[in-house]
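The structure displayed is predicted, hence computed values, not measured ones. What you see below is based on every heavy atom in this structure, not just the backbone, and it leaves out hydrogens, waters and symmetry mates. Indexing begins at 1, ligand by ligand and atom by atom, following the structure's order.
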Amino acid sequence: MRDVVLKPGRERSLRRRHPWVLSGSVADGGGEASPGEWVRVVSAEGEVLGFGHVSPASQIRVRMLYFGKEAPGDGLLVERIEAAVARRAGDPLLESTDAVRLVNAEGDGLPGLVVDRYGDTAVVRLSSAGMAARRDLLIRSLRSACGVSAGYERADAPAARREGVAPAEGAWWGAPPPERLTIHEGERSYAVNVLHGQKTGFYLDQRDARERVERLAQGRRVLDLFSYSGGFAVAAARGGAARVTLVESSADALDLARHNLEANAPDTDARFERSDAFRFVRGCEERFDLIVIDPPPLARRRNDVTRATRAYKDVLLFALHRAAPGARILCFSCSHHVGPDLFRKVCFGASLDAKRPLQVVGELGLPSDHPVALDHPEGRYLSGLDLLA
Ligand code: SAH
């Protein structure tokens, strides 16, 4: 096994069990290794810090899997997959759904591997050279651990480019999934397009917030900004909303949303707006009693933070102008760079500008199938607030 030797002083983050070794911290080694090989990571003084998978082309040069002195083998991945899947199966918080994230990358000690179960299909996404180099092992262990009849890999093209590996897509076992497969959350059902939809097809990470929306919706006029396939709008309709308005820029997403509303609450007064949500809230003159604001990640990099905070603030500010007295506003940032503290400040800025004092009545975040390792704070990417106007 090759050694990757760090520059002096660069072992500090590894002592805190942070799972990434950045290329700038490496003095020697790893560059000539083949993508995904196991490497031993050693401090400048020669102390063994742990073991991980090397990505010679990537800024994240090594993804650590084990902080010990003795080299682990691929069996470690199999054990962690089994543990992750078993934990979900025994989690009472996940009992009422058949759509669950089974493996959450670093959060489950498996950097580069995401597995989402949609009913009887597991959808896999690989984002590291280490995982891409072990497809056969992953197919075997996931097939046996997940107990579902089909496994399908969705390509992650940007990650493959970063990692210097070829993106791949297709069936791992069983039949390839249909264009629309149906999942269930409590009484709600959703058609999901795992072949072409966003992420692996659905925003599983918003499950807890959907539950909250269903409980709050009775009799309210609901605005679902950035609605995608109607996750929140369906929850609101099932919860007895007086009216739901969905705003989304993607036509395919809105088609799916229309289908989902029809399947769950066909009598709901629903309006589907294919438009830019920022522009929509500015021009809109209606009043709403429940507003969900769930934009895409506006700050993918640290450099985007200033622009992103302005955009988050703007959309909330205009939403507040549309909020009836006593309205609830559920708003989210899904950028790790705009975390809970900064997001609160952004919301406060909008509240001041709108001259609408707001109370925080709930803090929202990732559900229990999206665990975050304390060693890896970057894994906490979703921050949300439930605000009372
Ligand atoms: N709330 C959704 C997830 C939203 S993800 C759910 O729970 O399922 C963000 C969505 O915003 C994506 O569907 C994307 O297509 C859409 N989007 C991106 N930019 C937009 C814009 N400027 N106006 C409206 N929708 C936009």
note = To the nearest 0.5 Å, atom CZ of Arg271 lies from atom CG of Asp224 at 13.0 Å

Could you list each N/O atom of ligand 1 together with any protein N/O atom closer than 3.5 Å, one pair per line with the distance?
from, atom 1, to, atom 2, distance (Å)
ligand 1, 1 (N), Phe226, O, 3.0
ligand 1, 1 (N), Asp294, OD2, 2.8
ligand 1, 13 (O), Gln198, OE1, 3.3
ligand 1, 13 (O), Gln198, NE2, 3.0
ligand 1, 13 (O), Glu248, OE1, 2.7
ligand 1, 13 (O), Glu248, OE2, 3.2
ligand 1, 15 (O), Gln198, NE2, 3.2
ligand 1, 15 (O), Glu248, OE2, 2.6
ligand 1, 17 (N), Ser249, OG, 3.4
ligand 1, 22 (N), Asp276, OD1, 2.6
ligand 1, 23 (N), Ala277, N, 2.8
ligand 1, 25 (N), Ser249, N, 3.1
ligand 1, 25 (N), Ser249, OG, 3.4

ask   = Going hydrophobic residue to hydrophobic residue with side-chain gaps under 4.5 angstrom, can you get from Leu342 over to Leu330?
value = no

task = Mind checking side-chain contact (heavy atoms from CB on, under 4.5 Å) for Ala354 and listing every partner two or more places apart, or none if nothing turns up?
result = Leu317, Leu320, His321, Arg356

inquiry  = Suppose the criterion is ring pair (Phe, Tyr, Trp, His ring centres under 6.0 Å): which pairs have a residue in residues 1-38, not counting sequence neighbours?
reply    = His18-Trp20, His18-His376, Trp20-His376, Trp38-His53

message = Clusters formed by hydrophobic residues whose side-chain heavy atoms approach within less than 4.5 Å: which one holds Leu195, and what are its other members?
response = Tyr152

ask   = So, the side chain of Asp91 versus the backbone of Leu93: is there a donor-acceptor pair under 3.5 Å, distance only?
value = yes

